[in-house]
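Every chain is numbered from 1, with letters handed out A, B, ... down the list of sequences.
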Amino acid sequence: MANVDTPATAVIKQQPTGVGLAWYRFKKSLGTTTPYMTVGGIALWLLMWWLACEVWRLPRFEKMPGPVGVMSELFARQPFLGISIFTYEFYEHVWASCRRIFIAFSIATGVGVPLGLFMGWSKKFRDYTFPLLETLRPIPILAWVPLAILMFPGFEGPVIFLATLASLFVTTLNTLLGVDSIDESYFRAAGCLGSKPKDVFWHVVVPGSLPFIFTGLQISIGVAWFSLVAAEMVSGDFGLGYLIVDAYMNNVTIPMVIGMVTLGFVGWGTSAIVRLVGNRLMKWRVRALALERR
Amino acid sequence: MATVVDSPHARAPVQRSRWQKLHANTKLWRGIMAVICALVLWEIGSRWDEWVGFQLPFVGLIPPPTDVARAWGEVIFLSGYWESWYLSFKRVLGGFLAAQLVGIPLGLLMAVNRYFREIFFPPFEVLRPIPPLAWVPASLIFWPTNEMSIAFVTFLGAFFTIVINVLGGARSIDIRLLRAAQSMGASQWHLFSRIVLPGTLPSIFTGAAVGMGITWEVVLAAEMISGGGTQAGGGLGFFIWNSYMGGSLEQIVVGMISIGIAGYLSSSAIRYLGDLSMPWRRMF
Amino acid sequence: MAEEHTQSKAGETAVISGGRIELRDVSKGYGDEWQHEQVIESLSIEIEPGTLSAVVGPSGCGKSTLVNLVAGFETADSGTIRVDGKPVTGPGHDRMVVFQETALMPWLTAYQNIVFGPKLRGDLKGSALVNEAERLLDKVGLTEFRDKYPLQLSGGMQRRAELARALINQPLLMIMDEPFRGLDAMTRELMQEFFLRLFEEYRRTNLFVTSEIEEAIFLADRLVVLSNRPATVREIIEIELPRPRALEMLSSPEAYDYKRRAMEILHEEALKSFTSASGQTEFLEAYSKRGDL
Amino acid sequence: MDQRVSPKPQATKGAISIRNVTKIYDPEGVNVLAVDDCSLEIGAGEVCMIVGPSGCGKTTLLNAIAGFHSITLGEIYLDGELLCGQEKPLSDQGADRVVVFQNGALFPWKTLMDNVAYGPIVQGVMSKKDAREKARHMLAEAGLGDVAEKYPGEVSSGMARRAEIVRALINDPKVLLLDEPYRAMDALTKSIMHEALLEMYDRTKVTIFFITHDLEEAIFLGDRVVVMTTRPARAKKIVEVDIPRPRDYHILSSERFRTLVQETKDAVHEEAIKAFEAGERELA
């Protein structure tokens with residue numbers, strides 16, 4: 001019998017798992033220049049902003065608030081201009097925007113994914129619906145603002161409609177791309193194994209297009225935020241977009257920057273959540289990709 | 001042994017002219033039919049209240065296609081309409097070209113030089129999630145004229161997209177091409193100009209096409225938000241907002257369709273430019 | 001030390017000496033402290049100038065890493081690699097690589113790909129370069145396809161274009177990294193015959209990595225059989241088939257003998273790579289039940 | 001007493017009869033004659049190898065039997081039942097004829113065990129629990145016991161291919177249709193795959209319709225080797241492989257094996273030259 005010598009990957013010490021491994025990787029990366037550069041990069045940018053706005057007060061820059069002003073206001077117990085992480089009004093705006101995004105995103109996903117799947121699944125349905133989608137898609141979402149205001153009474157309706165419309169196009173198209181990306185042999189394999197059309201749909205079409213669906217969802221959440229901010233600026237009464245415009249109207253610049261920073265943070269957070277859910281649902285892909293990177 | 005087997009079953013290839021192919025293309029017919037049905041339904045929907053008396057919830061509020069067509073007929077002869085086309089295109093091109101001129105070199109530099117990437121990428125990533133339109137008020141304050149603030153926000157819209165695409169494209173070039181060039185004596189500059197640059201071209205055009213889409217969105221919004229407020233800013237965005245203020249619903253839809261066509265024309269221009277400059281991507 | 005390359009007239013064999021490769025105790029590993037992967041362990045080979053040595057080994061045993069080391073794309077952790085006595089420091093046009101699934105520049109036509117090297121270095125200029133390129137294009141049978149882009153060429157044609165691109169740089173050593181992998185059997189057979197005629201005419205030292213044993217026996221003067229990962233030289237089998245080689249020689253008794261010897265070693269090594277990779281014991285028992293080992 | 005000596009099950013099912021099948025593809029009016037009046041009889045429990053130049057229509061035959069593509073003329077019978085013919089040009093897909101594909105078609109999103117258990121569950125032949133139990137047992141028998149919980153992306157191509165064959169066998173098919181399953185593998189993995197396939201064949205005696213380019217693989221595995229002409233495909237020559245079973249890889253160096261390989265090689269080489277020239281002409 002062939003003598004099986006020691007396994008090829010010579011493991012010296014017991015390999016730590018999870019946090020231990022992450023800590024080891026972090027310690028090891030301190031050796032390289034990357035972490036210092038990252039911190040340095042952000043520090044440099046903050047410094048420039050601070051110098052331009054608060055120290056040198058350059059011609060155009062003095063109207064803008066510096067990082068120190070914004071941070072002190074943001075973290076102040078009783079903020080001078082009423083907006084900080086301790087004031088209720090701040091969270092009201094954040095909650096208003098997030099609620100709208102959540103509603104718009106779930107409607108767009110609830111309608112867009114099945115629509116995309118069905119368009120990919122039946123050629124006839126696709127021939128009828130795809131041209132409609134393609135004629136409407138080039139129209140920028142914000143061109144719908146006036147119509148949205150007309151069609152939907154009140155403030156909430158138009159804002160949510162615009163964000164939904166924006167992400168609907170992206171979600172449907174990417175789901176459709178996902179179904180097209182599935183290799184023909186998977187359909188044939190399922191056919192060979194005696195699956196009825198229903199089985200092929202649930203066991204091949206849906207899981208097969210999942211990677212593209214989640215790429216689409218990530219873009220769609222970004223587009224939803226994009227349209228939401230604009231809609232809130234034009235017609236909203238609450239929300240981060242409105243906060244920024246309201247601050248602009250009252251010529252108070254600090255809440256405006258707070259609004260922008262929060263938008264950036266919340267926007268990044270929501271797309272991180274979508275990515276997390278995606279990885280959770282597609283364990284098979286995460287493991288295969290990890291294997292490749294090793 | 002006859003090389004080409006002539007057999008009774010072989011049928012001569014049927015020569016069909018381009019028009020016949022077009023005619024037989026069921027996909028095309030279904031598409032046209034679908035669009036016509038949609039238009040008819042829209043017409044019936046919005047005229048519903050005239051015929052039956054009560055108004056349908058959504059469609060009822062929108063002007064019917066026939067009115068829109070008539071409004072478009074009138075508007076076409078107004079110089080203001082074409083002027084707004086011109087102004088919007090000017091703003092879009094201005095911001096877009098600026099974003100490409102700054103974004104492409106920055107993306108390439110970040111892809112090639114590790115230290116430059118490690119310094120500039122983090123702040124870039126921090127600013128990227130902020131939707132471009134959130135910058136409109138700040139840019140209105142910062143820049144002296146209305147025109148420059150719109151241009152700045154348009155620039156931002158396309159800038160983040162092009163940098164991300166160029167960076168991704170430049171770093172996913174097949175390592176074997178770089179190695180083949182190295183073994184043929186390519187210097188650092190040769191590697192950059194002869195391998196990295198052409199290799200990133202496809203991603204540059206993808207980034208530009210997406211950037212163009214965003215630029216139109218941003219210009220439209222900026223024109224609505226800023227133009228609507230103070231002096232007449234002009235442009236299709238303002239045209240739509242102005243029609244809304246003036247209460248003529250048909251012109252709103254005319255504006256929407258016009259900007260849709262403008263957007264479509266500009267992104268297909270970029271696609272055409274892409275095919276032109278990358279002949280090597282065609283399969284035959 | 002390399003003797004001056006005599007300009008070859010069409011058809012006359014170009015006499016090249018030089019291109020002697022010496023690898024002594026070369027080792028190479030990847031990864032960090034926890035997941036250290038030793039790919040090559042104290043490997044020593046000596047390849048005579050003007051000969052074609054085929055390197056075979058179980059899949060994933062580190063053959064491509066060996067190519068990268070000799071070509072200078074990666075540096076060995078320990079041991080020395082010398083070409084004509086000079087240690088290898090980095091990539092150079094004296095060692096040209098033909099990659100696995102062709103690495104032609106997609107944005108350059110076949111002709112532009114071929115002249116890329118000389119034009120870059122400025123060795124050949126103007127009409128000299130054009131004649132040389134035309135001659136090579138004709139030799140690889142791509143004259144009518146000179147202005148086609150790689151995407152518009154078939155697999156076989158792309159391989160021949162890359163061969164021409166390597167040869168025009170007049171390398172001392174040609175390194176072939178499984179160049180015919182991914183071709184269907186028919187095109188592969190024709191490419192092997194084509195490559196053989198080219199080798200027997202140019203007689204450039206050649207390091208030919210492949211996982212197909214029959215291909216190795218048909219093309220090579222020597223068979224370097226590598227062990228499972230971490231790769232080292234398990235055995236060297238001299239192929240005494242006369243040159244110029246013909247397809248029929250592959251069904252001669254000596255050829256089958258070479259094949260059986262190589263298969264036996266590689267079977268053993270492949271099994272090790274199977275068991276250590278996935279550690280199934282049942283498979284080993286099921287396999288041994290058949291009484292083959 | 002090792003299993004090989006026990007009485008082997010006599011094959012009673014899986015006889016395929018292909019009678020004067022012709023297939024004409026019609027992409028946009030260019031009538032491509034892929035298979036021309038091809039007739040072939042495959043006995044029950046026989047390993048029939050199909051070899052021929054690439055793109056000669058071998059796969060078209062497989063697609064017709066499996067029910068992926070229709071046929072233009074002729075009939076195909078399985079155990080006397082009509083699979084497809086004039087009235088029914090497209091045979092119904094079913095678990096009695098399972099295909100193993102060239103680049104593998106295990107569902108990447110299911111573990112190996114769920115892949116194997118998929119067939120019986122979907123056909124309602126077994127409950128989920130029994131199907132998974134039988135899947136685990138069959139995978140262990142094929143030496144994949146402890147990778148049963150892994151995803152296809154995490155195992156080597158050799159293991160994935162063996163799991164795919166187990167996925168076919170769990171349905172107890174009449175015919176196993178293999179489309180160059182070991183093409184992308186190097187010689188060594190291939191030799192181990194051959195051993196596993198032969199061992200499985202001795203156990204189950206299922207009819208095997210095997211398309212391949214590798215002539216040695218054809219002679220080593222097959223009872224009969226059918227050499228197809230270049231396009232349009234027709235059975236040009238049938239080589240009877242009278243090497244006794246069970247076979248192991250020692251026969252590779254036997255005299256009889258070598259003459260059979262040479263005989264097949266001459267027939268195929270001739271067709272290859274024609275296909276090669278035709279191919280080059282097409283591309284020029």
Side-chain angles (χ1 to χ4, degrees), chain A residues 33-34 37-42 44-46 60-61 63-64 123-124 127-132 134-147 149-152 222 225-230 233-234 240-241 244-245 247-248 251 253 256-257 259-261 263-268 271, chain B residues 26-27 30-35 37-38 57-58 61-62 114-115 117-123 126-138 140-144 213-214 216-217 219-221 224-225 228 236-237 240-241 243-244 249 252-253 255-257 259-264 267:
Chain A
T33 60
T34 324
M37 288 286 195
T38 316
V39 170
I42 294 185
L44 182 71
W45 165 61
L46 283 174
R60 302 233 59 78
F61 282 92
K63 286 195 276 218
M64 303 299 292
K123 195 165 174 344
K124 207 153 155 340
D127 284 352
Y128 286 112
T129 42
F130 189 71
L132 286 177
E134 271 311 291
T135 43
L136 291 176
R137 196 162 59 92
I139 301 175
I141 300 305
L142 298 161
W144 289 88
V145 166
L147 283 195
I149 298 173
L150 282 172
M151 283 200 284
F152 296 90
W225 274 109
F226 175 94
S227 322
L228 183 86
V229 164
M233 279 188 184
V234 172
L240 292 169
I244 297 175
V245 163
Y248 166 67
N251 269 314
T253 56
M256 185 167 69
V257 174
M260 288 163 72
V261 167
L263 255 175
F265 182 72
V266 174
W268 173 80
S271 67
Chain B
T26 52
K27 205 154 88 81
R30 283 189 182 147
I32 294 173
M33 267 254 290
V35 171
C37 290
F58 299 117
L61 300 162
I62 311 171
R114 202 165 70 88
Y115 300 112
R117 175 172 67 247
E118 278 169 4
I119 290 183
F120 280 95
F121 194 66
V126 163
L127 294 174
R128 192 159 63 93
I130 301 175
L133 288 167
W135 292 89
V136 166
L140 282 172
I141 295 173
F142 181 80
W143 295 99
I214 296 176
W216 272 105
E217 301 260 358
V219 161
L220 183 68
M224 274 195 201
I225 297 167
L236 286 169
I240 295 177
W241 191 253
S243 326
Y244 168 65
L249 307 187
I252 294 176
V253 181
M256 284 169 70
I257 298 172
I259 204 162
I261 294 169
Y264 182 75
S267 31

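Using a 4.5 Å cut-off between heavy atoms, B:V35 contacts chain A through both its backbone and its side chain. Looking at B:L127, only its side chain comes within 4.5 Å of chain A, counting heavy atoms on both sides. Heavy atoms closer than 4.5 Å to chain B are found nowhere in A:F130, neither backbone nor side chain. Proximity to chain A (any heavy atom under 4.5 Å) is shown, for B:W135, by both the backbone and the side chain. B:R114 touches chain A through its side chain: at least one heavy atom from C-beta onward sits under 4.5 Å away, while N, CA, C and O do not. Only the side chain of A:M256 comes within contact range of chain B, judged by heavy atoms closer than 4.5 Å. Heavy atoms of B:A38 lying under 4.5 Å from chain A belong exclusively to its side chain. Using a 4.5 Å cut-off between heavy atoms, A:W45 touches chain B through its side chain atoms alone. Proximity to chain A involves both the backbone and the side chain of B:F142, based on heavy atoms less than 4.5 angstrom apart. At a 4.5 Å heavy-atom cutoff, the contact between A:M64 and chain B is made by side-chain atoms alone. Of the atoms belonging to B:L249, it is side-chain heavy atoms, and not backbone ones, that fall under 4.5 Å from chain A. Proximity to chain B (any heavy atom under 4.5 Å) is shown, for A:T38, by both the backbone and the side chain. In this structure, no portion of A:L228 lies under 4.5 Å from any heavy atom of chain B.
Rounded to the nearest 0.5 angstrom, B:M224 CE and B:L236 CG are separated by 10.0 Å. For the atom pair CZ of A:R137 and CG of A:L132, the computed distance is 13.5 Å after rounding to the nearest 0.5 Å. The CG atom of A:L150 sits 5.5 Å away from the CD1 atom of B:I252 when rounded to the nearest 0.5 Å.
The residue among B:P122, B:P131, B:A34, B:P137 with the most heavy atom pairs within less than 4.5 Å of chain A is B:P137. Interface remark: of the candidates A:L240, A:V261, A:L142, A:I139, A:L142 forms the most heavy-atom pairs closer than 4.5 Å to chain B. Between chain A and the residues B:I141, B:I257, B:V253, the most heavy-atom pairs under 4.5 angstrom are made by B:I141. Highest contact tally toward chain A, considering only B:G263, B:C37, B:P123, is held by B:P123 [criterion: heavy-atom pairs under 4.5 Å]. The most heavy-atom pairs under 4.5 Å with chain A, out of B:P144, B:P132, B:A262, come from B:P144. For the set A:W225, A:F152, A:Y248, A:F265, the count of heavy-atom pairs under 4.5 angstrom toward chain B peaks at A:Y248. Across A:P131, A:A143, A:G41, A:G264, the residue that shares the most heavy-atom pairs under 4.5 angstrom with chain B is A:A143.
Among all heavy-atom pairs drawn from B:G237 and B:L220, the shortest one is CA-CD1, 3.3 Å. Among all heavy-atom pairs drawn from A:I149 and B:Y244, the shortest one is CG2-OH, 3.3 Å. Nearest heavy atom pair, residue B:W241 against residue A:V145, reads CZ3-CG1, 4.1 Å. For the pair A:M233 and B:L133, the tightest heavy-atom approach, listed with the atom from each and the gap, is CE-O, 2.9 Å.
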**Request:** May I have the step-by-step check of side chain to side chain contact (heavy atoms under 4.5 Å, CB included) for A:K123 and B:K27, ending in yes or no?
**Result:** CA-CA 9 Å; A:K123 195 165 174 344; B:K27 205 154 88 81; 3.5 Å; yes
**Message:** Does A:K63 form a side chain to side chain contact (heavy atoms under 4.5 Å, CB included) with A:T253? I'd like the steps, not just the answer.
**Reply:** CA-CA 8 Å; A:K63 286 195 276 218; A:T253 56; 5.8 Å; no
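More than 12 heavy atoms of other shown residues, nucleotides or ligands fall within 6.0 angstrom of atom CZ in B:F121. Heavy atoms from other residues, nucleotides or ligands lying under 6.0 Å from OH of B:Y264 number 12 at most.
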